[in-house]
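Contents: one structure, followed by commentary.
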Amino acid sequence: MSIIDSALDNTRETFRRDQVWSFLKEKEVSVDVSHQIILYIEGLSVSFDGFKALNDMNLYINDGELRCLIGANGAGKTTLMDVITGKTQCDEGSVYFGQTHNLLEKDEAEISQLGIGRKFQKPTVFEAHTVLDNLELSLKTNKGVIPTLLARLSSTEILKIDEVLETIGLKDHRMMLAGSLSHGQKQWLEIGMLLVSEPRLLLVDEPVAGMTAQETEHTAELLKSLAGDHTVVVVEHDMEFVRSIAKTVTVLHQGSVLAEGTMDEVQNNAAVREVYLGDES
Amino acid sequence: MSFLNSVFSTKWLDRGDQAGSRTMPFVLLLLVVTFLASFCNLALPADSVFYVSTYTITLLGKYLCYAMLALAVDIIWGYCGILSLGHGAFFALGGYAMGMYLMRQIGDRGVYGNPELPDFMVFLNWTELPWFWQGMDQFWVAMVMVALVPGLLAYVFGWLAFRSRVTGVYLSIITQALTYALLLSFFRNEMGFGGNNGLTDFKDILGFSLQEDSTRIGLFITTALMLSLVLIASHAILKSRFGKVIVAIRDGEDRARFIGYRTERYKVWLFVYSAVIAGVAGALYVPQVGIINPGEFSPVNSIEIVIWVAVGGRGTLIGAVIGAILVNYAKTRFTAIMPDGWLFALGALFVLVTLYLPKGIMGLFDQFNERRNKNKAVDVQETAS
Amino acid sequence: MRNSLIILACLLSMLLSTAHASSDKSTQALLIELTTVKLNKAIPVLKALEENDGDKMLPLFNTLLKGQLYYVKSNKDLLSIEKVDGKKEYTDVFSGEALEPLATKLTKKIRVNNKLRRFLRDSIARIQLSSSEPESREKALISLLSQLDESTINTIRSLKVNESNTSVIELMDVAIAMYALSNSAEATERLQAVRTLDGRLENEVRNLLVSTVKNEADIKVKAAAEKSLASLEDRIENYQFVNKLFFGLSLGSVLLLAAVGLAITFGVMGVINMAHGEMIMLGAYTTYVVQMMMPNAIDYSLWVAIPLAFLVSGSVGVLIERGVIRHLHGRPLETLLATFGISLILQQLVRTIFSPLNRQVESPTWMSGSLDINPVLSLTLNRLYILAFALLVFGLLLLILNRTSLGLNVRAVAQNRNMAKAMGIRTDRVDAMTFGLGSGIAGMAGVALSQLTNVGPNLGQAYIIDSFMVVVFGGVGNLWGTLVAAFTLGIANKFIEPITGAVLASIIVLVFIILFIQKRPKGLFPQKGRAAE
Ligand SMILES: Nc1ncnc2c1ncn2[C@@H]1O[C@H](COP(=O)(O)OP(=O)(O)O)[C@@H](O)[C@H]1O
Ligand SMILES: [Mg+2]
């Protein structure tokens, strides 16, 4: 009898509804940031048909900081993000996430699963899906085929999604198709997708394009609040916005780092004045 | 009725605005029609008004096989944007697996009376069964092959293609090349599948004679049940988060990758699933029409499937089924009245549907519904004011 | 000594025969005499016939040699009766025209014996060898190589004295050497013969050398024969390689013609035109119709057909673009389906108008025949012309794309449609022109194809998949890639074919391309840059 009982107990234990089987759980990735640096970019070069979009770039991002990248159009900011997220192959150089993860060896999905999230310059959401589905798909979960097939939204996940919906102001639009959102709303939805995925490192490409002044402010608040737990790298042309959020600013020019420092330092840097802010002074 | 409601109105179906929500009622309708037709064939005298001839039953069974094939194409084209112009190949492979089993069942009743070898092998002076014919006299082995061979081909092909990110028209063209290569191969006698003539002259299946009405009814009902099963399973799969990922891949594969999905794996498994469905459809088709030959691999056949789906409305599951049945019914009627006209009609169908009916019949249906709802809403408002 | 005796005898007999020719009987009378003369008196009659009307008697002698010569008992008319599959076929001896069958008892066979046969064979050789055209003399010699006997050799020897054409003399030497090699008792003579034969490519020479190597007793001769044979086989192999290469290039040129139009529409407009094969078919049917309309000027019909096919297919292409494809812009998969529908309609249309049967298009005389380079290597003229035509069309196309304003516009649209539009290029017109151009070229491909195969409603279908493979293999939007891909695939096909057979060869090539695309999804010469994405 006791055998049967224990077997039953075991079975019950295995099928407990308040937990997820271990094989369905995503694998926790550990990022070694013992040197306080989360992203190492060294000697990175990318060329397209001979044109050097990135030219021997060196850049280090500290764990938990909020970093702004600025630079003229064509300076290579988007290309940099492309390389980090695995979209573009580089010619030479190295990109490390923490001490151990060589990003150049990994593909987009792996990099994303390591905890690097990205918001694109052009908002890209899944237009045939509802806002809710868009967020559900972006959740930080096991993204393997079988787990996804069996997945149900858990209560914590629903809470998480609700919270994010609140933050991005799309609470009333949760069942709306993403395709019918306005441009600004799509921007927000994309930020929301980034938030629910709880990344270690956020790469945000021109987040406030198409937003009202109020929304811009809101975004600034949001990004600032994210820094600390997360590391945030923002590309933006809007100088006011950059000034309002950034402690450290990096200026890119023709594919390499021109200057780095606080906003004021950068603005007073002679080289920067010459090539980038030249016409403002 | 309340029982039906409790069975079929589960929460996950209750999305009135989505096309997939029609799956359950449709399955019900399908089964009712199937059983009615079978009843009218078996129980009614041949001179009754409601008698359904065995010929009609076989025809219906054939349509249902096509419907299943269309469903397979719809799953990958409508939901994942992969336009396969080679799905006829999976259908034919499933058909050949079934055909091999039926061939072995002939035993010594063939023209040459060889208990071991099918006629065409005797004709080619072969002395023993090739290795890939071994075991095919067992029904279960044959059934495993029906799923395994198309599935495996789809896996290998899909893995190669999706991993190297071949998409769009490129993919379509190489799927077409795939079925073309298979067509050429199966025409060869050396392949051991009966060459040009294919496999035919089947006698019985699982001991039931294929000439008997009751066997035909049995096959017809099996097909309908299989189709229902596949409809329900596909519905469930596509409504799951897996299905959402699939649609996400259709609309933005790169984006899906950037949020962490290995899109090629999703595509491969969906492709395999679809290929297996096509294979099963082929296996059900062969005993009903009594022949399988390399012509089934012809690229034109595969493209025709796509138009069935387009006519019905892609990305709706039942649209594919309706489209396949309608187009094939039209084909049957047309070829009987004016055989030359059919290709004109089919050609025109391709052009007109893509130009004017991109969402197919289901799209029309939705539009109509929407308009009616709007009218209703207007009515309600008017009465309220 | 013996040889000179033979020559003497031969000369004597020739003298005698000329003397005999003075018999002033007409050919007509001689022919009637042939039906009545006794077997052992027939030779003088035949000799007289040879003297009177050598060339014209060839068919008669051949028929007689085969034992198929009969005459009608009543009027002594000569006719040939041959049993084919158990059925008797009656033909006129001289014209080869079919005749009404006659009852068996109305005709009588003219019998031959061995002596007569030998005479006939020599006489035939003599007649052929004394033809006025050096080419026909060469041909006659080559056909004699496999059946050399003493009297033929004597004839050849006697004719060699007066021969002036060097290649004929060479061939005569070959014949004499071959005879010596197989019959001479002297090892030195045989050795000399092997030397003479060295470097010849004729199949008979090769067979003789093979048997010499096997049967020769003399070591020296055997060694020499072995050496010649080895070098001969080497050379034959080389020429066969060239031959395969030629067939490969020929297939490649057909593929190029078929695919280059597709490369334009696909590369520039991103449009998959499944009806492209039917544009080819229309071109082929245009050729057919042109020939029907000018049956007396087949030689010139191609010059009419080529531009006309371009126009016909081109304007159908423009119609398709204006009517259908334009409305499906940016939806490549739908375009694929719609154009497939059009291809079905066009096929059925042709089937309805011209019947589903294949039609034979005649080749102009200047395209038939072949360029015989040596006994192993001969290049058929039509393939040669088509190769040249394909390259010409390709060159013209490059010229149009690179040197004309249309080309400039086309390239601009290909690179950035919206930008081109903003610059004031009328993209819709460019689209229509591009599509017309691509289709028109397909039409010209059809003219070329009609010279190689029969013309039927399924002609296009046969080439469409291959054309796609070429375009995809070469890299979309790259004409040079298409050129390289077409010839690579054509040559690969022809080199695999002898090993595996034609069907397996195309399967292998298909599978290769399928695998290749997995490795390089953008083809051999991919387009680069953001525009490519
Ligand atoms: N795939 C590509 N092919 C060709 N050139 C590219 C590609 N991606 C980027 N570039 C070029 O690299 C340079 C940097 O682009 P980008 O990183 O987008 O600049 P930005 O700093 O404005 O985001 C630009 O001149 C752009 O034209
Ligand atoms: Mg940018």
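A quick note: this is a predicted structure, and the numbers were derived from the prediction, not measured. So you know, we letter chains A, B, ... as the sequences are listed, proteins then strands, and number each from 1.
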What option among B:Ile259, B:Ile237, B:Thr263 has the most heavy-atom pairs under 4.5 Å with chain A? B:Ile259
Between the side chains of A:Thr100 and A:Asp32, does any donor sit under 3.5 Å from an acceptor? no
Does any donor atom in the side chain of B:Tyr266 or A:Thr148 lie under 3.5 Å from an acceptor atom in the other side chain?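 On atom types as modelled, these side chains qualify, holding a pair under 3.5 Å.
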Donor-acceptor contact present, side-chain [X] to main-chain [Y], <3.5 Å:
| X | Y | value |
| --- | --- | --- |
| B:Arg241 | A:Ala151 | no |
| B:Thr175 | B:Leu171 | yes |
| B:Arg250 | B:Gly78 | yes |
| A:Lys77 | A:Gly71 | yes |
| A:Lys87 | B:Asp254 | no |

Can you pull out every ring-ring contact (aromatic ring centres under 6.0 Å, His included) where at least one residue sits in residues 98-151 of chain A? Sequence neighbours excluded, please. A:Phe120-B:Phe258
Applying a heavy-atom distance below 4.5 Å, give me the residues of residues 152-166 of chain B that approach chain A, sorted by number. B:Arg165
So what's closer than 4.5 Å to chain B heavy atoms on A:Leu194: side chain, backbone, both or neither?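 Interface part for A:Leu194: neither.
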Taking side chain as everything from C-beta outward and backbone as N, CA, C, O, which of these in A:Ser197 sits under 4.5 Å from a heavy atom of chain B? Side chain, backbone, both or neither. neither
What's the spacing between [X] [atom1] and [Y] [atom2] if we round to 0.5 Å?
| X | Y | atom1 | atom2 | result |
| --- | --- | --- | --- | --- |
| A:Met81 | A:Ile116 | CE | CD1 | 11.0 Å |
| A:Gln187 | A:Glu215 | CD | CD | 9.0 Å |
| B:Trp269 | B:Glu264 | CH2 | CD | 13.0 Å |

Using a 4.5 Å heavy-atom cutoff, which residues in residues 160-173 of chain A come close to chain B?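 Within residues 160-173 of chain A, no residue comes under 4.5 Å from chain B.
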Quick one: which residues of residues 104-112 of chain A reach chain B at under 4.5 angstrom, heavy atoms only?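 Heavy-atom contacts from residues 104-112 of chain A to chain B are A:Asp107, A:Glu108, A:Ala109, A:Glu110, A:Ser112.
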Hey, does B:Val280 have a side-chain heavy atom less than 4.5 Å from the side chain of B:Val230?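 They are not in side-chain contact.
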Any side-chain heavy atom of A:Leu135 sitting closer than 4.5 Å to one from A:Met193?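 The answer is yes, as the side chains (C-beta and beyond) meet within the 4.5 Å cut-off.
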Verify the neighbour count for atom NZ of B:Lys359: are there more than 12 heavy atoms of other residues, nucleotides or ligands below 6.0 Å?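 For B:Lys359, atom NZ is not crowded (no more than 12 foreign heavy atoms under 6.0 Å).
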